[in-house]
Amino acid sequence: VYTSLYKISHLLQTYYHLFDKQNAFRPTIPHCSMATLIGLCIRVKLLRSLPRRFKVTVKINPGTHASEQAVNRQLDDKERVCAALENTHLLGVVNKCIREGMNSS
C-alpha cells in the first residue's frame, strides 16, 4: 500500500494540469488501475482547497487511458464521489494520499 500511496502522491504533484475551469491528469500507463483513485484524490484536494463557488471537474487527458470514458463518468458523478467518500477506508486512503503529497514537496 505504501508504494501505491507514494506513487499517487507523486502523481498528484506531477501529472495533472489546471486549464480553463477543468482539471485533467495523465495516468502513467494506459491501463493504470489506480486512475479513478488518483482522480478522486485530485477532486477532493481541489474541493477542499477552492472556495465553494468554484465548480470542480476532474478528467483524464483524452486518449491517455484505456477506460477514459468510464473513469471520467465516475469522477463526474457527484453521488458516486459522495458514496466513495462515505467509505471510511477509502476516505482514509484519500486523506493519506493528499497529506503525503503535500509533505513531499
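For reference, positions follow the sequence shown, starting with 1.
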- Item | Closest non-hydrogen atom pair between I29 and H65, with its separation | O-CD2, 4.1 Å

- Note on the structure: Heavy atoms of I38 and C32 approach each other most closely as CD1-SG, 4.2 Å

- About how many Å separate CG of L75 and NZ of K59, when rounded to the nearest 0.5 Å? 8.0 Å

- Query: Closest approach of I98 and R48, non-hydrogen atoms and distance?
  - Reply: CD1-NH1, 4.0 Å

- Task: Quick one: list whatever passes side-chain hydrogen bond (donor to acceptor under 3.5 Å, both in side chains) with Q74, sequence neighbours left out.
- Result: T36

Could you pull out every donor-acceptor pair under 3.5 Å between side chains of residues 82-91 and any protein atom, sequence neighbours left out?
from : atom 1 : to  : atom 2 : distance (Å)
N87  : OD1    : H89 : N      : 2.9
N87  : OD1    : L90 : N      : 3.1

- Results of side-chain contact (heavy atoms from CB on, under 4.5 Å) for P62 - residues two or more places apart only: E68

- Residues which pass side-chain hydrogen bond (donor to acceptor under 3.5 Å, both in side chains) with D77, listed by chain and number, not counting sequence neighbours: none

- Message: Do D76 and V81 make a side-chain contact, defined as non-hydrogen atoms from C-beta onward lying under 4.5 Å apart?
- Response: no

- Task: May I ask you to test the I60-F25 pair for a side-chain heavy-atom distance under 4.5 Å?
- Result: yes

- Message: Can you tell me how far apart SG (C41) and CG (L46) are? Round to the nearest 0.5 Å.
- Response: 11.0 Å

- Note on the structure: By side-chain hydrogen bond (donor to acceptor under 3.5 Å, both in side chains), T64 pairs with (sequence neighbours left out) none

- Counterpart residues, side-chain hydrogen bond (donor to acceptor under 3.5 Å, both in side chains), relative to R52 (two or more places apart): none

